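Below is one structure, written out as structure tokens, with a few remarks after it.
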Amino acid sequence: MPVSSSSPSRRQKGPVGQPWFTPTLLHWHAHHNQRSMPWKGEKDPYKIWLSEIILQQTRVEQGLAYYLRFVEAYPTIADLASADDEAVFKLWEGLGYYSRCRNLLAAARQVMQQFEGRFPNNYNDILSLKGVGPYTAAAIASFGFGLPHAVVDGNVIRVLARFYGIDEPFDTTTGKQRFTQEADAHLAQDAPATYNQAIMDFGATVCKPAAPLCGTCPMQSQCVAFKQQRVESLPVKSKKLIKRDRYFYYFLFRVGKQILVRQRQAKDIWQDLYEFPLVEEPQPVERSETEWLQLAQQLAPQVKHIAAMHGPYRQLLTHQTIYASFIECPLPSAKAVPAGQWVNAETLRQLAFPKLLRDYLTSSSAAQTNLF
DNA sequence: AATTCGGGGCA
DNA sequence: TGCCCAGAATT
């Protein structure tokens with residue numbers, strides 16, 4: 001390597017944008033982009049907003065069905081704003097990151113009150129909506145109103161990092177600034193929506209995280225990462241994920257056809273969703289059936305026997321692995337039980353549960369013991 | 001500035 | 001398994 005060659009970290013300071021990037025990307029978009037999605041070309045800012053919230057940290061294939069169900073259930077933002085929280089959470093059930101759902105409702109009501117039912121049409125007002133950050137505001141502003149704001153999402157970061165060989169971590173304050181600056185520098189000012197759509201589709205279908213299509217990539221000739229064989233190692237993330245294990249023991253108290261449920265309120269996973277009376281242990285616990293019965297009786301003294309036990313079932317989350325076991329306890333009456341509400345099977349179906357619990361409820365294990 | 005918020009798909 | 005996904009809010 002020549003002495004005059006600068007180190008990778010020193011090479012990249014200001015924007016390194018070159019005029020070749022955007023035209024080539026737009027050409028690919030116009031002639032080779034095959035990606036189709038129901039909200040493409042959508043002009044209703046409500047539907048654009050809805051699709052963007054659903055797609056935060058969520059693959060298009062996973063969010064698609066949810067988007068279609070939401071649009072059908074709530075065709076306008078007024079419909080969504082006046083909906084029952086419970087019904088909206090039920091529609092969101094299984095999608096994850098449930099604060100998005102809570103913020104969705106808050107933002108809909110914000111638009112009805114603060115903006116008199118008209119979706120805000122400028123970047124700062126859009127950004128002021130609950131659950132709307134820099135990415136989503138730029139997406140709505142450009143797709144909905146043709147405003148010149150460049151989106152910066154995982155696709156954009158990957159495309160820029162590889163094309164310019166940017167090895168600065170993107171998950172830091174300066175890293176985010178760097179990629180935002182780079183994205184802004186490449187925005188097609190006269191066609192912001194087209195440009196944003198192009199770079200995201202390109203990142204999703206060509207410049208993919210794993211097994212990118214470099215062999216047929218129209219950007220290959222100018223791509224620094226390809227030239228230096230660093231495609232697989234870019235972009236760079238600085239922080240590593242720390243996971244922990246949690247052990248949940250759920251007690252299903254049943255009186256006839258009624259089951260005791262409660263809503264999670266703590267600032268923890270699954271906030272606002274429903275569950276059952278829960279005992280969490282710092283470590284997995286081996287108990288005899290007698291010991292399980294004694295524990296159940298501490299919660300509900302009337303319990304006489306354990307009808308069934310299932311699990312542990314495992315649920316992988318980003319920062320946690322949940323191991324959940326279920327202890328089914330028939331009761332003679334609803335006296336002296338933990339706080340919560342008694343619901344029948346029909347009501348149970350209308351409540352939003354974490355996927356782990358919903359899977360258990362719909363599994364044969366639950367049905368076998370006449371939970372329904 | 002660091003952490004936390006789900007669930008699924010892929011190599 | 002580890003990483004990523006049309007990120008944002010909280011601490």
Side-chain angles (χ1 to χ4, degrees), chain A residues 35 37-40 42 48-67 89 92-104 106-107 126-140 142-143 149-159 161 169-177 179-180 183 193 196-205 207-212 232-244 246 264 266-273 314-322 352-359:
Chain A
R35 218 181 184 201
M37 293 173 289
W39 49 83
K40 263 195 189 179
E42 177 62 57
I48 295 170
W49 162 71
L50 179 60
S51 72
E52 295 299 343
I53 300 297
I54 287 175
L55 291 177
Q56 287 170 2
Q57 290 294 285
T58 303
R59 293 167 189 280
V60 169
E61 310 85 69
Q62 188 187 359
L64 179 57
Y66 286 84
Y67 171 77
F89 271 95
W92 197 275
E93 182 184 55
L95 191 56
Y97 283 173
Y98 297 95
S99 65
R100 288 184 294 170
C101 183
R102 186 169 54 256
N103 290 332
L104 190 79
I126 295 168
L127 187 62
S128 76
L129 297 175
K130 295 289 184 198
V132 174
Y135 162 77
T136 306
I140 299 171
S142 63
F143 295 142
H149 295 270
V151 296
V152 182
D153 74 335
N155 293 306
V156 173
I157 289 168
R158 188 170 55 255
V159 171
F170 65 85
D171 57 340
T172 63
T173 302
T174 55
K176 284 172 197 159
Q177 289 174 352
F179 282 98
T180 300
N196 282 336
Q197 192 64 62
I199 193 168
M200 287 195 288
D201 285 347
F202 182 77
T205 61
C207 198
K208 301 184 290 180
E232 299 294 341
S233 60
L234 293 176
V236 174
K237 189 169 166 182
S238 67
K239 305 176 184 69
K240 24 189 174 279
L241 197 59
I242 298 173
K243 290 192 89 157
R244 65 175 169 136
R246 299 176 73 175
R264 287 179 70 88
K267 292 193 186 229
D268 192 359
I269 58 168
W270 302 335
Q271 187 182 1
D272 297 330
L273 300 197
R314 190 181 68 161
Q315 172 75 42
L316 300 171
L317 307 183
T318 303
H319 290 82
Q320 306 177 22
T321 300
I322 308 298
F353 285 85
K355 170 163 176 66
L356 171 65
L357 301 190
R358 177 55 67 192
D359 284 351

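All values derive from a computational prediction rather than experimental measurement. Each chain gets a letter, A, B and so on, in the order the sequences are listed, and its residues count up from 1.
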(message) Between B:dC5 and C:dC5, how many Å separate the two C1' atoms, rounded to a whole number?
(response) 15 Å

(request) Taking atom C1' in both C:dC3 and B:dG6, compute the distance separating them and give it to the nearest angstrom. (result) 15 Å

(message) With a 4.0 Å limit, can you tell me whether A:Trp270 has a side-chain N or O closer than that to the phosphate oxygens OP1/OP2 of B:dG7?
(response) yes

What does the list of N/O pairs under 3.5 Å between the protein and nucleotides 1-4 of chain B look like, with a distance for each?
{"from": "B:dA1", "atom 1": "OP2", "to": "A:Thr173", "atom 2": "OG1", "distance (Å)": "2.1"}

(request) Verify the contact: side-chain N or O of A:Lys355 to OP1 or OP2 of B:dG8, cut-off strictly under 4.0 Å; return yes or no. (result) yes

(message) Tell me whether the side-chain N/O atoms of A:Gln315 come closer than 4.0 Å to OP1 or OP2 in B:dG7.
(response) yes

(request) Going by the side-chain contact (heavy atoms from CB on, under 4.5 Å) test, name the single residue among A:Lys237, A:Lys176, A:Arg158 that passes it with A:Phe170. (result) A:Lys237

(request) Answer yes or no: is there a side-chain heavy-atom contact under 4.5 Å between A:Ile199 and A:Asn155? (result) no

(request) Sticking with atom P, work out how far C:dA6 lies from B:dA11, rounded to a whole angstrom. (result) 15 Å

(request) Please state the C1' separation for the pair B:dG8 and C:dA9 - nearest whole angstrom. (result) 23 Å

(message) Check this for me: A:Ile242, atom CD1, are more than 12 non-hydrogen atoms of other residues, nucleotides or ligands nearer than 6.0 Å?
(response) no

(message) Quick check on B:dC5: is either OP1 or OP2 less than 4.0 Å from any side-chain nitrogen or oxygen of A:Arg102?
(response) no

(request) Establish, with yes or no, whether the OP1 or OP2 oxygen of C:dG7 is under 4.0 angstrom from a side-chain nitrogen or oxygen of A:Gln57. (result) yes

